[in-house]
Amino acid sequence: TRDKILQAGKIAKEVREYAKKVIKKDMLLLEIAEKIEAKIIELGGKPAFPTNLSINDIAAHYTPNHDDKTLAKGLLKVDFGVHIDGNIADTAFSLDLENNKENKKLIQASEEALENALKIIKENSKTSDIGKTIQKTIESYKLSPIINLSGHSMQEYDLHSGITIPNINDNKNIEIEDGLYAIEPFATNGSGKVYDGKPSGIYFLQHEKNIRSPLAREVLNFIIEEYKTLPFCERWLVKRFGTKSLFALKQLENENILHHFPQLIEISHAKVSQAEHTILVDKEIIITTK
């Protein structure tokens with residue numbers, strides 16, 4: 001498992017460098033997502049979740065749908081994951097596509113918050129100390145961390161496995177034990193909170209149960225087989241089954257078999273930046289995606 005975790009991280013690092021080179025202003029988000037996901041597969045991994053390409057005040061959970069015409073612009077967060085047999089690497093960076101001073105400051109703040117957080121992490125460090133470091137760094141730029149978004153522990157086929165790495169000092173003092181964690185500061189020039197926006201087209205399997213519709217059953221069997229409990233998106237299923245899969249998704253969602261994630265939007269509609277790395281704590285600290 002350790003080898004697969006490190007391998008997934010190595011692929012994620014390569015894909016990140018590749019993405020920074022290929023993404024240009026006014027490219028279709030759909031094309032960017034497909035290029036990133038194709039590169040992950042080419043390097044021997046699988047996407048651990050749909051590539052998130054969130055612009056400006058959308059903090060997270062925007063993935064292009066199968067016929068999306070949205071173009072890359074503004075402050076773009078690129079958040080993607082790689083897995084090898086369920087062993088995950090999760091990483092993100094932000095790009096300023098309009099040569100804007102405020103965007104650059106936001107990007108610098110989340111990057112520096114991530115660097116400072118990675119510096120202080122050691123076995124038995126406390127989650128709230130990491131949050132405090134992130135908060136202090138972002139606030140030193142006269143910006144706000146997003147208080148209701150956080151990093152997270154990960155396990156096999158489980159992207160959010162229970163432990164939260166806050167972006168503020170939440171005084172919870174949970175000790176960081178051996179395991180795999182994503183640290184992801186978000187900085188904003190707004191109020192520092194997100195709300196649930198429109199449906200994202202990103203889902204995950206929450207209950208396996210019988211469904212009568214043969215089409216929905218076929219789609220469900222594919223989801224269980226292909227993604228297990230990792231997130232996936234409508235465009236992946238449209239690729240496999242055509243647009244009829246959209247009806248199946250609706251049925252599976254109505255039966256509470258699938259959870260449908262909302263887009264996460266900054267409450268004052270201010271811009272948001274994000275930076276993220278995955279760390280493996282295992283006697284030593286390894287930043288797997290760097």
Worksheet item: Going by the angle between their ring planes, with limits at 30° and 60°, are Phe222 and Tyr227 parallel, tilted or perpendicular?
Response: perpendicular
Item to complete: For the pair Leu106 and Val272, evaluate side-chain contact (heavy atoms from CB on, under 4.5 Å) and give the outcome as yes or no after the intermediate values.
Response: CA-CA 7 Å; Leu106 281 157; Val272 179; over 6 Å; no
Taking every non-hydrogen atom, the tightest pair across [X] and [Y]:
X	Y	value
Ile23	Met27	CA-SD, 3.9 Å
Thr91	Arg16	OG1-NH1, 2.7 Å
Pro50	Pro231	CD-O, 3.6 Å

So how far is it from [X] [atom1] to [Y] [atom2], rounded to the nearest 0.5 Å?
X	Y	atom1	atom2	result
Thr278	Ile88	OG1	CD1	8.5 Å
Thr188	Ile147	OG1	CD1	11.5 Å
Ile285	Tyr181	CD1	OH	9.0 Å
Ile134	Asn167	CD1	CG	4.5 Å
Glu234	Tyr203	CD	OH	6.5 Å
Leu180	Leu159	CG	CG	10.0 Å

Worksheet entry | Derivation and outcome, salt bridge (Lys or Arg N to Asp or Glu O under 4.0 Å), residues Glu37 and Arg235 | CA-CA 12 Å; Glu37 288 157 8; Arg235 69 187 152 80; 2.7 Å; yes
Worksheet item: Are Phe204 and His260 close enough, and set up right, to give a ring pair (Phe, Tyr, Trp, His ring centres under 6.0 Å), and what steps lead you there?
Response: CA-CA 7 Å; Phe204 85 100; His260 194 171; over 10 Å; no
Fill in: Residue that, paired with Ile130, satisfies side chain to side chain contact (heavy atoms under 4.5 Å, CB included) out of Leu118, Asn116, Ile165
Ile165
Is it true that [X] and [Y] make a salt bridge, defined as a side-chain N closer than 4.0 Å to a carboxylate O?
X	Y	answer
Glu218	Arg240	no
Lys4	Glu156	no
Lys136	Glu139	no
Lys290	Glu115	yes
Lys126	Glu175	yes
Arg2	Glu284	yes

Worksheet item: Would Asp79 and Gln274 count as a side chain to side chain donor-acceptor pair (under 3.5 Å) if you check the C-alpha gap in whole Å, the side-chain angles of each, and the deciding distance to 0.1 Å?
Response: CA-CA 8 Å; Asp79 184 352; Gln274 174 194 19; 2.9 Å; yes
Item to complete: Indicate yes or no for a side-chain donor-acceptor contact from Thr137 to the backbone of Thr133 under 3.5 Å, with no hydrogens or angles considered.
Response: yes
Discussion item. Would the distance check show the side chain of Glu98 and the main-chain N or O of Asn100 forming a donor-acceptor pair, the cut-off being under 3.5 Å?
Written reply: no
Is the shortest heavy-atom distance from the side chain of [X] to the side chain of [Y] under 4.5 Å?
X	Y	value
Phe232	Pro47	no
Ile36	Val78	yes
Leu76	Leu53	yes
Ile107	Leu75	yes
Leu28	Thr70	no
Leu220	Arg217	no
Leu71	Leu29	no
Val194	Ile267	no

Under 3.5 Å, is there a donor on one side chain and an acceptor on the other for [X] and [Y]?
X	Y	value
Asn173	Ser128	yes
Ser110	Ser273	yes
His61	Gln263	no

Worksheet item: In a check of side-chain hydrogen bond (donor to acceptor under 3.5 Å, both in side chains) between Lys271 and each of Asp96, Asn103, Asn189, which one passes?
Response: Asn103
Worksheet item: Would Leu205 and Phe241 show up in the same hydrophobic cluster when neighbours are defined by side-chain heavy atoms closer than 4.5 Å?
Response: yes
Worksheet item: Side-chain heavy atoms under 4.5 angstrom apart, residues restricted to Ile, Leu, Val, Met, Phe, Trp, Tyr: same cluster for Ile41 and Tyr18?
Response: no
Item to complete: Please assess Glu255 against His207 for the test side chain to side chain donor-acceptor pair (under 3.5 Å), listing each intermediate value before the final yes or no.
Response: CA-CA 9 Å; Glu255 290 287 329; His207 298 296; over 6 Å; no
Worksheet item: So Lys35 and Glu31, salt bridge (Lys or Arg N to Asp or Glu O under 4.0 Å) or not? Walk me through it.
Response: CA-CA 6 Å; Lys35 279 190 147 84; Glu31 187 190 345; 2.9 Å; yes
Discussion item. Run Thr243 and His66 through side-chain contact (heavy atoms from CB on, under 4.5 Å) and show every step you take.
Written reply: CA-CA 9 Å; Thr243 49; His66 71 282; 3.8 Å; yes
Discussion item. Set out, in order, the CA-CA distance, both residues' side-chain angles and the distance that settles salt bridge (Lys or Arg N to Asp or Glu O under 4.0 Å) for Glu17 and Lys39, then state yes or no.
Written reply: CA-CA 11 Å; Glu17 294 318 308; Lys39 192 69 173 172; over 6 Å; no
Worksheet item: Run the salt bridge (Lys or Arg N to Asp or Glu O under 4.0 Å) check on Glu208 and Lys228 step by step: do they pass?
Response: CA-CA 10 Å; Glu208 274 186 48; Lys228 299 188 170 54; over 6 Å; no
Practice prompt. Could you tell me which residues satisfy side-chain contact (heavy atoms from CB on, under 4.5 Å) with Asp158, sequence neighbours excluded, listed by chain and number?
Written response: Gln155, Ser161
Worksheet item: Is the NZ or CZ atom of Lys105 positioned over Tyr141's six-membered ring, under 6.0 angstrom from the centre and within 45° of the axis?
Response: no
